[in-house]
Amino acid sequence: MALILGIETSCDETAVALVRDGRTVLANVIASQVAMHEQFGGVVPEQASREHVRAIVPALDQARAEAKVGWDDVDAIAVTHGPGLAGALLVGVNVAKGLSFAIGKPLLGINHLEGHVYANWLETLEQEVEDPRFPLVAMIVSGGHSDLVLMRGHGDYLRLGRTRDDAPGEAFDKTARLLGLGFPGGPAIERAAREGDAKRFRLPRAWLERDTLDVSFSGLKTAVLHQVRALSRGQAAGGPPALSSEDVNDVAAAFQDAVTDVLSARVAEAAARWGAVQVALGGGVAANQALLERVQARCLVPVTCPPPRLCTDNGAMVASAGFFRYRDGQRDVLDLDILPSLPIA
Ligand code: KG4
Ligand code: ZN
């Protein structure tokens with residue numbers, strides 16, 4: 001039995017959660033900076049960092065108030081120390097260190113990607129959760145990552161594949177920008193794709209060499225650019241919007257079809273090849289229901305995926321991963337550092 005405080009500031013959400021035994025969420029506060037970054041079409045690192053400084057203490061207070069617990073009730077403090085934006089990670093890690101010192105509770109540095117995997121075992125009103133069954137294959141797909149890992153037990157990872165260039169979330173965001181759909185692109189593309197015809201345009205899939213479990217999305221991004229240009233040709237500058245809403249929806253659908261085709265094929269192949277008994281998805285792009293449906297259709301073993309609000313960055317996933325590390329004896333000291341490029345394995 002342990003109550004873990006989870007702190008997450010690796011990108012553009014200031015998030016604090018209180019989670020019991022890695023499963024029961026007592027509070028999960030997320031102060032999103034989306035509105036601020038929206039005007040620039042992406043996350044501006046310095047602004048993200050400054051905003052974390054402003055939002056972190058109110059988020060800590062709100063989480064404790066919602067959970068109705070005091071500092072004495074907290075058993076350990078888990079904080080994302082990588083991967084992520086350096087200036088953003090620094091805020092969470094330093095607050096966690098100060099807090100750990102002030103309340104005399106252990107500090108645990110957590111890998112953000114591991115957090116995304118553990119979001120699968122948080123109890124929610126939406127779905128019943130079971131304990132993880134190993135070995136499992138996890139696919140973490142987000143704005144900065146595309147990692148396919150074999151998980152043989154708690155904290156035991158072998159990386160099977162990764163992206164050679166862009167992360168899928170980045171591809172969603174860039175495609176959305178080209179289509180004039182705003183930021184973040186994932187949810188906007190998913191909505192547009194629902195109205196579109198995925199068969200009108202055929203966008204490329206980069207299958208790479210035989211046997212690899214890696215992915216690549218930069219060619220797809222370029223193909224979207226060419227398709228958008230071809231559709232806008234003949235439009236006068238300053239005239240009406242170049243693409244009709246039908247064009248936008250059809251390109252979004254073709255793009256989403258290409259991404260979900262490749263990702264679902266890779267995770268199904270990895271699960272079969274490594275004898276996984278379960279597949280677990282995580283990361284912002286796992287919020288995409290078309291991706292989940294396709295992965296479920298292709299995998300021969302049960303597939304779990306957190307509800308969309310727990311796929312994107314949050315503190316509960318960090319507290320959950322932190323619980324299992326705490327239980328297994330991990331303790332970090334006050335020289336815990338940020339690791340902006342920390343891999344999962
Ligand atoms: O995990 P996350 O919140 O932050 C990172 O660790 O990067 O992921 C954010 C990414 C963004 O690129 C966003 O566009 C994408 O996840 N995303 C989605 C959806 N919701 C968020 N992509 C596809 N479909 C969605 N529904
Ligand atoms: Zn993330």
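Both ligands and their constituent atoms are indexed starting at 1 by order of listing. These numbers come from a predicted model, not from an experiment.
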(request) Measure the spacing between CZ of Phe217 and CZ of Arg205 and express it to the nearest 0.5 Å. (result) 10.5 Å
(request) Look at atom 25 (C) of ligand 1 and say which protein heavy atom is nearest, naming residue and atom and giving the distance to 0.1 Å. (result) Gly186 C, 3.6 Å
(request) Keeping to residues at least two apart or across chains, list the ring pair (Phe, Tyr, Trp, His ring centres under 6.0 Å) pairs with something in residues 63-113. (result) His112-His116
(message) Any nitrogen or oxygen of Gly169 lying under 3.5 Å from a nitrogen or oxygen in ligand 1? Just yes or no.
(response) yes
(message) How about CZ on Arg54, more than 12 heavy atoms from neighbouring residues, nucleotides or ligands closer than 6.0 Å, or not?
(response) no
(request) May I ask you to decide if Ala254's main-chain N or O and Arg202's side chain share a donor-acceptor pair within less than 3.5 Å? (result) no
(message) How far is atom 6 (O) of ligand 1 from the closest protein heavy atom, and which atom is that?
(response) His112 NE2, 3.1 Å
(request) Please confirm whether His116 comes under 4.0 Å of ligand 1, counting heavy atoms of the residue only. (result) yes
(message) Is His145 close enough to touch ligand 1? Criterion: a residue heavy atom under 4.0 Å from a ligand atom.
(response) no
(request) Starting from atom 3 (O) of ligand 1, locate the nearest protein heavy atom and write down its residue, its atom name and how far away it is, to 0.1 Å. (result) Asp313 N, 3.1 Å
(request) Decide whether an N or O pair under 3.5 Å exists between Gly143 and ligand 1. (result) yes
(request) With heavy atoms of Gly144 as the reference, note each atom of ligand 1 found under 4.0 Å away. (result) 7 (O)
(message) Less than 3.5 Å apart, any donor N or O on the side chain of Glu66 or Gln62 sitting next to an acceptor on the other?
(response) yes
(request) For atom 12 (O) of ligand 1, grab the closest protein heavy atom and report residue, atom and distance to one decimal in Å. (result) Asp173 OD2, 2.8 Å
(message) For Arg294, is there an ion pair with Asp257 - N to carboxylate O distance below 4.0 angstrom?
(response) yes
(request) State, without any angle test, whether Gln330 and Asp332 hold a side-chain donor-acceptor pair at a distance under 3.5 Å. (result) yes
(request) List every atom of ligand 1 that sits less than 4.0 Å from any heavy atom of Gly185, numbering the atoms from 1 in the order shown and giving each element. (result) 14 (O)
(request) Please check if any side-chain donor atom of Asp166 sits under 3.5 Å from a side-chain acceptor atom of Ser218, or the reverse. (result) no
(message) Would you say that more than 12 heavy atoms from the other residues, nucleotides or ligands in this model lie under 6.0 Å from the CZ of Arg273, or not?
(response) yes
(request) Measure the spacing between CG of Leu339 and CG of Asn111 and express it to the nearest 0.5 Å. (result) 9.0 Å
(message) Between Ser10 and Glu8, do the side chains contain a donor N or O and an acceptor N or O under 3.5 Å apart?
(response) yes
(message) Using only atom types and a distance under 3.5 Å, with no angle test, would you say the side chain of Arg200 pairs donor to acceptor with the backbone of Ala253?
(response) no
(request) Would you please determine whether Cys11 falls within less than 4.0 Å of ligand 1 on a heavy-atom basis? (result) no
(message) For a quick check under 3.5 Å, do Glu13 and Asn314 share a side-chain donor-acceptor pair by atom type?
(response) no
(request) Report the protein N/O/S neighbours of the Zn ion (ligand 2) that fall below 2.8 Å; do not count waters. (result) His112 NE2, His116 NE2, Asp313 OD1
(request) With heavy atoms of Thr312 as the reference, note each atom of ligand 1 found under 4.0 Å away. (result) 3 (O)
(message) Using only atom types and a distance under 3.5 Å, with no angle test, would you say the side chain of Thr212 pairs donor to acceptor with the backbone of Leu208?
(response) no
(request) Around atom 24 (N) of ligand 1, find the nearest protein heavy atom and jot down its residue, atom name and distance. (result) Asn288 ND2, 3.1 Å
(message) Students should be able to answer this: which protein heavy-atom is nearest to atom 21 (C) of ligand 1, and at what distance?
(response) Gly284 O, 3.4 Å
(message) Counting only heavy atoms closer than 4.0 Å, does ligand 1 sit against the backbone of Gln289, its side chain, both, or neither?
(response) neither
(request) Please write down residue, atom name and distance for the protein heavy atom closest to atom 26 (N) of ligand 1. (result) Glu190 OE1, 2.8 Å
